[in-house]
Amino acid sequence: MTSETIRWTRKDLLGIAELSAAEIGLLLDTAESFSEVGERPIKKVPTLRGKTVLNLFFEASTRTRSSFEIAEKRLSADNLNFSTSGSALEKGESLIDTALNLQAMAPDLVVIRHGSPGVPHMLARRIDAGVINAGDGAHEHPTQALLDAFTIRRHKGRLEGLRVAIVGDIEHSRVVRSNLHLLTKMGATVVVGGPRTLMPVEIDKLGVEVAYTLDDAIRGADVVMMLRIQLERQGRMSFPSIKEYFRLFGLTRERLRLAKDDAIVMHPGPMNRGVEIASDVADGPDSVILEQVTHGVSVRMAVLYLLSGVTSEEA
Amino acid sequence: MHENLTPKNTILDAKQMARIIRRMAGEIVETHKDLSDLVLVGIRTRGVPLAEKLAAEIERMEGQKVPVGVLDITLYRDDLSTIAAQPQVKGTRLPRPIDDGDVVLCDDVLYTGRTVRAALDELIDFGRPRAVRLAVLIDRGHRELPIQADVVGKKVPTSNEEVIEVSFLSTDGTEQVRILERKPPQ
């Protein structure tokens, strides 16, 4: 593959925006090897023995957090979990003090999710450990985009030349931003679709097509990626009712016929059945939603593996 | 990778290699009465073409196909924390469960024994073979661990400044074994 000669040299994985196509290719190819480890009778390799990984989740997460935890355990790393409730941050400690205290424990890698964009970047500048962004506000969620790309590649054999429709709450989604960067870098065509009230202005400047109806977005698509309506991130209701949203933008069997015959349906989860996606589509033959979760572990193993080989002096 | 290496001499050409591999295949057949539960497992990269060649020879001699597996020992290396960037992982593939079977590990060169140590650790994570044996094309000495090969193509005394380069048609476009010498940078 294309990644034959390139080596990983970054201390941190903060976003997709700064990665080259070759680096993305290396991450995906490495993940391919790790997916085999998940199929072994003993799903564990000694690779990160003696390395310490801190998982800092300042925002609720089930899937991403457990996925990172499983990935760390399968690589034999020691891991420690912090979450907002009960942490010193709730007791008034500043983020920088938290970072310095964590640094004093000399972890090798820190996985962080935070509601404010840029927090992982700030942390990465302050500490020697490699930092992995597990979602910062509505900014980036690089490992999600990587696992989406991995899943697409598994089904379509490539990313280049594919037509990928991403539909839903484009404005509040970090998954979209990371996916846009990744898919366009790898030569796919991206169409974003959703109500105007959930579409950021000037999104077309990121090199994507914009559609304001579901039908226009998914027509002829190889991949249909539905996004969750993030009610908790919205200050105001951007559409009159859930019922109306589903009628206009919910993915149903009939609507899916507009996409290519062999189109796959994806969702980063957690999904709201009957809001952005009908149950029979979510559970249907074209859905790869649970596969995304499985591949998430392989992709995160690849990220942990590659980052752990770079010390802060080299980066 | 091998900077400042100058070829010293060719120790085996394609014909000699083929003859040696044929003899090695014969030795494997001799020590395994029942070929039906035998698996040849090549260690990436150049243990794989060796395993494939041995399997082809065994099939020619005995008319029986022996499955070939591939072991990528990268994740089991003992020097991951000391080398600069992470080596690429290309994946392990075993053709069938190895429980209660006989495994012959194949590698091109046996040197310190550390690769074989890693391979044994990885293999054991896949099950409990009845026996594991080791077949190598070249044994160049300088062991750092108590590991020996059961089937050896050729013993080649070397110094630590020398490098053994094994080439196979499928991986390198040519078939030969050479000794190269590490030249100190000028």
Side-chain angles (χ1 to χ4, degrees), chain A residues 1-11 13 22-23 25-52 71-77 106 108-109 130 298-299 301-315, chain B residues 1-3 39 41-48 68-101 103 114-130 132 145 170-173:
Chain A
M1 292 212 168
T2 48
S3 62
E4 201 56 54
T5 52
I6 116 147
R7 285 191 173 256
W8 186 263
T9 52
R10 291 174 192 274
K11 170 174 111 42
L13 179 68
E23 285 174 304
L26 173 64
L27 280 162
L28 296 177
D29 290 349
T30 307
E32 201 68 58
S33 309
F34 280 108
S35 73
E36 174 266 317
V37 175
E39 292 157 11
R40 296 182 183 187
I42 295 178
K43 300 178 183 56
K44 198 178 180 86
V45 289
T47 317
L48 295 193
R49 221 158 30 129
K51 303 263 185 197
T52 310
E72 289 151 11
K73 290 189 163 144
R74 287 192 180 164
L75 288 168
S76 301
D108 297 286
L109 291 167
S298 313
V299 161
M301 285 173 82
V303 171
L304 291 160
Y305 169 72
L306 289 172
L307 256 57
S308 71
V310 183
T311 61
S312 54
E313 300 93 75
E314 290 162 349
Chain B
M1 223 166 102
H2 298 314
E3 67 285 11
V39 184
V41 177
I43 302 175
R44 273 191 206 271
T45 302
R46 286 178 189 74
V48 181
V68 174
V70 175
L71 212 58
D72 182 336
I73 57 115
T74 310
L75 301 174
Y76 289 75
R77 284 171 67 149
D78 60 5
D79 57 354
L80 280 178
S81 52
T82 57
I83 46 184
Q86 298 291 52
Q88 258 185 51
V89 197
K90 303 229 171 103
T92 287
R93 217 176 42 246
L94 294 181
R96 64 161 188 235
I98 55 165
D99 283 305
D100 299 320
V103 174
R114 287 179 193 271
T115 301
V116 176
R117 192 284 305 162
L120 286 170
D121 281 356
E122 176 158 22
L123 206 56
I124 273 33
D125 280 355
F126 281 90
R128 188 177 186 280
R130 186 167 54 215
V132 183
L145 293 170
S170 58
T171 47
D172 312 282

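Quick note on labels: first sequence line is chain A, next is B, and so on, each numbered from 1.
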Step by step, would you call B:Glu122 with A:Val45 a side-chain contact (heavy atoms from CB on, under 4.5 Å)?
CA-CA 8 Å; B:Glu122 176 158 22; A:Val45 289; 5.7 Å; no
Begin from the C-alpha positions of A:Tyr305 and B:Val89 and carry the test side-chain contact (heavy atoms from CB on, under 4.5 Å) through to its verdict.
CA-CA 10 Å; A:Tyr305 169 72; B:Val89 197; 3.4 Å; yes
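Neither the backbone nor the side chain of B:Pro97 comes within less than 4.5 Å of any heavy atom in chain A. Within the 4.5 angstrom heavy-atom criterion, only backbone atoms of A:Lys44 (N, CA, C, O) approach chain B.
Judged by distance alone, with hydrogens and angles left aside, the side-chain atoms of A:Glu36 form no donor-acceptor pair with the main-chain N or O of B:Gly91 at under 3.5 Å.
Under a cut-off of 6.0 angstrom, the local environment of CZ in B:Arg93 is sparse, with at most 12 non-hydrogen atoms contributed by other residues, nucleotides or ligands.
Interface check for chain B: of the options A:Arg40, A:Glu39, A:Glu32, the most heavy-atom pairs under 4.5 Å are formed by A:Arg40.
A:Pro46 and B:Tyr76 get closest at one heavy-atom pair: CD-CE2, 3.3 Å. Between B:Leu75 and A:Thr47, the closest heavy-atom pair is O-OG1, 2.8 Å.
For B:Gln86 and A:Ser308, the side-chain atoms include at least one donor-acceptor pair closer than 3.5 Å.
When the side chain to side chain contact (heavy atoms under 4.5 Å, CB included) test is applied to B:Ser170, the partners found at least two apart in sequence or on another chain are B:Pro49, B:Phe168. Partners of B:Val39 by side chain to side chain contact (heavy atoms under 4.5 Å, CB included), not counting sequence neighbours, listed by chain and number: B:Val41, B:Pro67, B:Pro95, B:Arg96.
A:Leu26 places a side-chain heavy atom less than 4.5 Å from the side chain of B:Gln88.
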